[in-house]
Amino acid sequence: MPQHVKEYLPNFHYLLYDLSDYSDEEIKGNVQLRIMLKLLRDVATKSTEEFLRSFYEASHALLEIEDKQKGIEFFEITLRYVFNAVRDLTKKDMEQIARQIETTFPEGSEVAMTLADILREEDMQEGLEKGIKEGLEKGRQEGASQALAKTALQQLTEKFGALPEDLKEDIKEADLATLETILQNIFKYQSIDDVKKFFEQ
């Protein structure tokens, strides 16, 4: 490619981490980050039975979250990920998850039972296809933006404490591309001003 063209092409360097060799003790960070990294590590490397054991162990860590409502909301996101990521989960597996959560994370037992009831009504694959179809009909883009906005608010609050109300509103109204960029760079921010730059005119 001609040099005068290369000058205008992005040339990024990526930091890639192979989590498969990390033990639970080596994975650091706040409880949400630890749970997420452990599940991402195990979902592709372990059998369904082994992965479910990892999930049960991770659910114990949710008790570390002082804000119980935040813990329940994060648990629901995590559980939805588990139900969607593990393709060979049976109805029996889902019922077992719901029962196990009653002892490991009681605050989330109602969420687990509700999700299990929904998925118990039909074969999981049919349920996923129906959910995707309904999601598209109702506006998948809007739903994705809301989910990312919620995650961005949670992670920024963890990092910087209480956020200004005007920034909260900006994040809630941000488009999908902006939210993805904010989350991708979350470890680079030195202050809340670094986030505000995304919304400056």
Name all residues meeting the side-chain hydrogen bond (donor to acceptor under 3.5 Å, both in side chains) criterion together with [X]; count only those two or more places apart in sequence or in a different chain, and write none if there are none.
{"X": "S47", "value": "E50"}
{"X": "Q3", "value": "none"}
{"X": "Q184", "value": "none"}
{"X": "E26", "value": "S23"}

Under the rule for side chain to side chain contact (heavy atoms under 4.5 Å, CB included), what residues qualify as partners of [X], not counting sequence neighbours?
{"X": "D175", "answer": "A177, T178"}
{"X": "N11", "answer": "none"}
{"X": "K197", "answer": "D194, E200"}
{"X": "D42", "answer": "T45, K46, F51, S54"}

Contact check, side chains of F55 and I35, non-hydrogen atoms, under 4.5 Å: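 A side-chain contact is absent here, since even the closest heavy-atom pair is not under 4.5 Å.
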Quiz item: L37 versus R41: any side-chain heavy-atom pair under 4.5 Å?
Solution: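 With C-beta onward as the side chain, the pair stays apart.
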Exercise for the section: Test side-chain contact (heavy atoms from CB on, under 4.5 Å) on L33 and M36 and set out the steps. Expected result: CA-CA 5 Å; L33 182 61; M36 180 178 67; 3.6 Å; yes
Between side-chain atoms of residues 148-162 and protein atoms elsewhere (two or more places apart, or another chain), which donor-acceptor pairs fall under 3.5 Å?
| unit_1 | atom_1 | unit_2 | atom_2 | d |
| --- | --- | --- | --- | --- |
| T151 | OG1 | A147 | O | 3.1 |
| T157 | OG1 | L153 | O | 2.7 |
| E158 | OE2 | Q32 | NE2 | 3.4 |
| K159 | NZ | I186 | O | 2.7 |
| K159 | NZ | Y189 | O | 3.1 |

Going by the rule salt bridge (Lys or Arg N to Asp or Glu O under 4.0 Å), which residues pair with E165 if we only count those two or more places apart in sequence or in a different chain?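 For E165, the residues satisfying salt bridge (Lys or Arg N to Asp or Glu O under 4.0 Å) (neighbours in sequence not counted) are K168.
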Original post:
Does E49 have any salt bridge (Lys or Arg N to Asp or Glu O under 4.0 Å) partners at least two apart in sequence or in another chain, and if so, which?
Top reply: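 For E49 the salt bridge (Lys or Arg N to Asp or Glu O under 4.0 Å) partners, ignoring immediate neighbours, are R53.
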So does K188 get a backbone contact from the side chain of N185, meaning a donor-acceptor N/O pair under 3.5 Å?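 No; zero donor-acceptor contacts below 3.5 Å.
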* To do: Using modelled atom types only, decide if a donor and an acceptor are shared between the side chain of R34 and the backbone of G29 within a distance under 3.5 Å.
  =>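 Checked: pair present.
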Practice problem: First locate atom CG of D170, then atom CD1 of I182, and finally report the distance between them rounded to the nearest 0.5 Å. | Solution: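 So the gap between those two atoms works out to 9.0 Å.
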Gap separating the CG atom of L167 from the CZ atom of F198, nearest 0.5 angstrom:
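Here the rounded value is 11.0 Å.
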